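What follows is a set of notes on a single structure, which appears directly below.
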Amino acid sequence: MTTSRKHSANVDTEISAGESPSGGQLPLSQRAMARTGAPYLQGLNSEQRLAVETLEGPVLVLAGAGTGKTRVLTTRIGHILATGLARGSEILAVTFTNKAAHEMKERVGSLIGMAVEGMPWLGTFHAIGVRLLRRHSELVGLKSGFTILDTDDQIRLLKQLLEAEKLDAKRWPARQLANMIDGWKNRGLIPSKVPAGEGHSFAEGRGVKLYAAYQARMKELNCVDFGDLLLECLRLFQEHSDVLAMYHQKFKYILVDEYQDTNVAQYLWLRLLAQGTKNICCVGDDDQSIYGWRGAEVENILRFEKEFPGGKVIRLEQNYRSTGHILAAASAIIAENKGRLGKTLRTDDAMGHKVLVQGFWDDAEEARMIGQRLEEMRKTGDNLNQCAILVRASFQMRAFEDRFVTMGLPYRVIGGPRFYERLEIKDATAYLELTVNPTNDLKFERILNTPKRGLADATLQVLHNHARARSLHLMQAAREIVETEELKPKARKSLRDLLAQFDGWRSHVAHMPHTELAQMILDESGYTTMWQQDPNPTARTRLENLKELIRFLGEFETLQGFLEHVSLVMDVDAGDDGERVSIMTLHGAKGLEFDTVFLPGWEEGLFPHQRSLDESGVSGLEEERRLAHVGITRARKFAAISFTQNRRVHALFQSQMPSRFVDELPEAHVEVAAARTGYSNGGAYAQSRFDEPAAGFTHQYETPGWKRAQAQFAQQANTFQRGAPPLRQQKRPVTIDGDLVASSARASSTYKVGDQVRHDKFGAGTVAEIDGNKLTVDFADSGRKKVVETFVSLL
DNA sequence: GTTCGCTCACTTTTT
DNA sequence: GTGAGCGAAC
């Protein structure tokens, strides 16, 4: 490190003075670069610089925690572009998450000052997969407008298949089948390639047959699931060598982020593409591979040199994040693992605080003590945003939430259900999707009777039969059915009304702003009303979410653009401010860092998790250990590990043993928290049972006072967290809100023909027609438009 | 067609 | 202890 700092300093001198002692040792090209100015290379250490500049041939960058992995990746892209070796469109850069893709785009952009559009092939495996498939859909038996199934749709489809096979849904749950199929897809196996015997575990050996049926059905519906986005690409490349050759030509450089998380399918995909230039650079850390359970193969990274002949391995071992003791503790733990490539992290930072190890009586005490510590920190001015509690399993979060609610300590839970996984958001997008694309049967099923309109299973059955007999999609089948006597009058009318509504909405797609159309759809369909009338307190949040959805929709040009995005990008950043402690799982914390990290629940059976040990034995244990390593390395300045003697496991209290990982911590870098009464006899780590007279506390969880506090907090949190609503209502027109009734039902409009109105987007205009809450307005600048009245104001 | 109540399972989670 | 999902009763 020191050498490289000197080194970059030399480059500086060289530019100004034109001479340098080390200048002569540098390759010409690099000296030239330094002269023309390669500011992005400055500040890199020698390892990083090597990783950036080794462009030819396969390279594996083993980037330990906090060693500047993303920096290397983005600088490498910048370097390729700056040296003119390839254009943005000739670089394939893949990540796992959208978040990572975004970050990379942003950082490359600011590094090079280049437009993001210049890198069309920077994205997630799945996003790039879609892109490839859309281009060549016909070659894999799809039509270009194919849709992507989410997990919900997938399960729904599988359920139908199971039903058709007359299999007991209870004995053979669709979810299990879905997992099995996903597993196969992760391994790049199409139905015919599944090893004999594997499907036998499901439904008396019908597993593979069901998989094949599922694939066939998806083709009929012109859709794919997430796994297919890769699998179908593989098939495309394997069966159409000309297409593959084209991409070999195209992609001059390939970069892969988080390589340790790739599954077999992704590996095969990469290998096929890398056969072209062989310039593939994989960045990853075998010590941070924690996704084995969802198909990631650490083997991919361990075997890199074998699989990519001539490949170089570059290790980044200089850690810029954590202080000495923390790094030493993390290193000692991971050193226990056998199957690893091996790295030695080092830091120039001070030793800092030792890692604190502390035992507690139970999870309530654990939460209380951590809460207390956080409170003290807050009082002394520490930023709670820089503090995190990282748990192994989400049920552990509860104790902390309960405690923090009582204390009034602000916190945020990261990793709950994603925005687009919420029921109301899925329902709403289903309506939007159907308006644009009436052939999406799974979405049609989803909303047919939501809100309740008397169109349940019986009706659906009729529609299904008709659709199958005449090979129509459900919406079309419905159209034909309402013309017959097939349905009871009530259902028939209800269905006819629904179809008419969709026709109405569809007629607006072309000329009505899509946010307004979306609002109209949600109002007229009765969906908003459904939640407004729901006495459940969660309904409020759901309405808020719908509002957020409309707002988010506004960030897209068109409805179609939005929907395409939604199927792949499953998250919206809910920008919330205010200082809060983060509570999240260890998995969720990967890639993040905090000044202070609490690691509770280090107990045998919980961490390492029993199930991990049972199901995967030693490799399971090693993955858990990597998780421990990930956890500790999240901390910059302070890490506190704790365990409890007693924990509620399911319903009952269990006596717990400290995790074996606790004993693997190096004595020299750990401080065992001394309980106030002294624990020092016995040799075990502190049991702070006597620490604090727990008496009064245990009961308070049922007291009315506590419940009140909780309710109050929840309310506050609601208004506070969701923040803007009251404010936003004043600033911009209300979209969906508690008091907005299904607006088309409202008899009279507040406007009359001839009124002069203003619209945010279209400017001033004159009302020409009124239809319920929809106005036809002649705008001075934009001509005649249909708009929803809440979007305009009187001039 | 809807609602109620019983049973079951319960680690991690992205796209 | 709790929530989801399914089947049986209204």
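As the structure is a prediction and not an experimental result, all values here were calculated from the model. In the text below, chain A, chain B and the rest are named by the order of the sequence lines, each starting its count at 1.
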Nearest-Å distance for atom pair CG/C1', residues A:Leu230 and B:dT15: 9 Å
Residues touching DNA chain B, which here means a heavy atom under 4.0 Å, drawn from residues 611-621 of chain A: A:Arg611, A:Ser612, A:Glu615
A:Asn98 side chain near B:dT15 phosphate (N/O to OP1/OP2, under 4.0 Å): yes
Whole-Å distance separating the CG atom of A:Asp257 from the C1' atom of B:dT15: 15 Å
Result of checking A:Arg446, A:Lys443, A:Arg422 against A:Asp427 for side chain to side chain donor-acceptor pair (under 3.5 Å): A:Arg446
Between C:dC6 (P) and A:Gln176 (CD): distance, integer Å: 14 Å
Sugar-phosphate, base or nothing in reach of A:Lys159, heavy atoms under 4.0 Å: sugar-phosphate
Salt-bridge present (A:Arg187, A:Glu297; N to O < 4.0 Å): no
Candidates B:dT11, B:dT13, B:dT15 - which lies nearest the side chain of A:His126: B:dT15
Pi stacking test for A:Trp293 and B:dT12: under 5.5 Å apart, planes under 30°: yes
Sub-6.0 Å ring centroid separation between A:Tyr411 and A:Phe400: no
For atom CZ of A:Phe395 and atom P of C:dG3, their distance in whole Å: 15 Å
Upstream residue (5' side of DNA chain B) when A:Asp457 and A:His587 are each assigned their closest nucleotide: A:Asp457
First of A:Gly227 and A:Ala458 reached from the 5' end of DNA chain B, by closest nucleotide: A:Ala458
Pairs meeting criterion salt bridge (charged side-chain N to carboxylate O under 4.0 Å, His left out) with involvement of residues 583-594 of chain A, two or more places apart: A:Glu258-A:Lys590, A:Asp261-A:Lys590, A:Arg321-A:Glu593, A:Glu593-A:Arg636
Gap between atoms CD and P, on A:Gln396 and B:dT12 respectively (whole Å): 9 Å
d(CG, A:Asn449; P, B:dT3) in whole Å: 10 Å
Side chain of A:Thr151 - closest among B:dT15, C:dG1, B:dT11: B:dT15
Side chain of A:Lys452 (C-beta onward), nearest among B:dG1, B:dT11, B:dT2: B:dT2
Test applied, side chain to side chain donor-acceptor pair (under 3.5 Å); reference residue, A:Arg660; option that passes from A:Glu603, A:Glu336, A:Glu604: A:Glu604
Short side-chain N/O contact from A:Ser394 to OP1 or OP2 of B:dT13, under 4.0 Å: no
Ion pair A:Glu103/A:Arg107, N-O distance below 4.0 Å: yes
Interatomic distance, A:Gln266 CD vs B:dT15 P [rounded to whole Å]: 12 Å
Residue A:Ala456, side-chain atoms from C-beta onward, closest of B:dT2, B:dT11, B:dT13: B:dT2
Pairwise C1' distance for B:dT11 and C:dC6, with rounding to whole Å: 24 Å
Atom pair distance, as rounded to whole Å: CD in A:Gln154 and P in B:dT15: 15 Å
Sugar-phosphate, base or nothing in reach of A:Glu623, heavy atoms under 4.0 Å: nothing
Side-chain ion pair, A:Asp228 and A:Lys185, N-O less than 4.0 Å: yes
A:His464 vs A:Glu445, side chain to side chain donor-acceptor pair (under 3.5 Å): CA-CA, chis, key distance, verdict: CA-CA 10 Å; A:His464 260 305; A:Glu445 275 181 49; 3.1 Å; yes
Side-chain donor/acceptor of A:Arg294 to base of B:dT12, under 3.5 Å: no
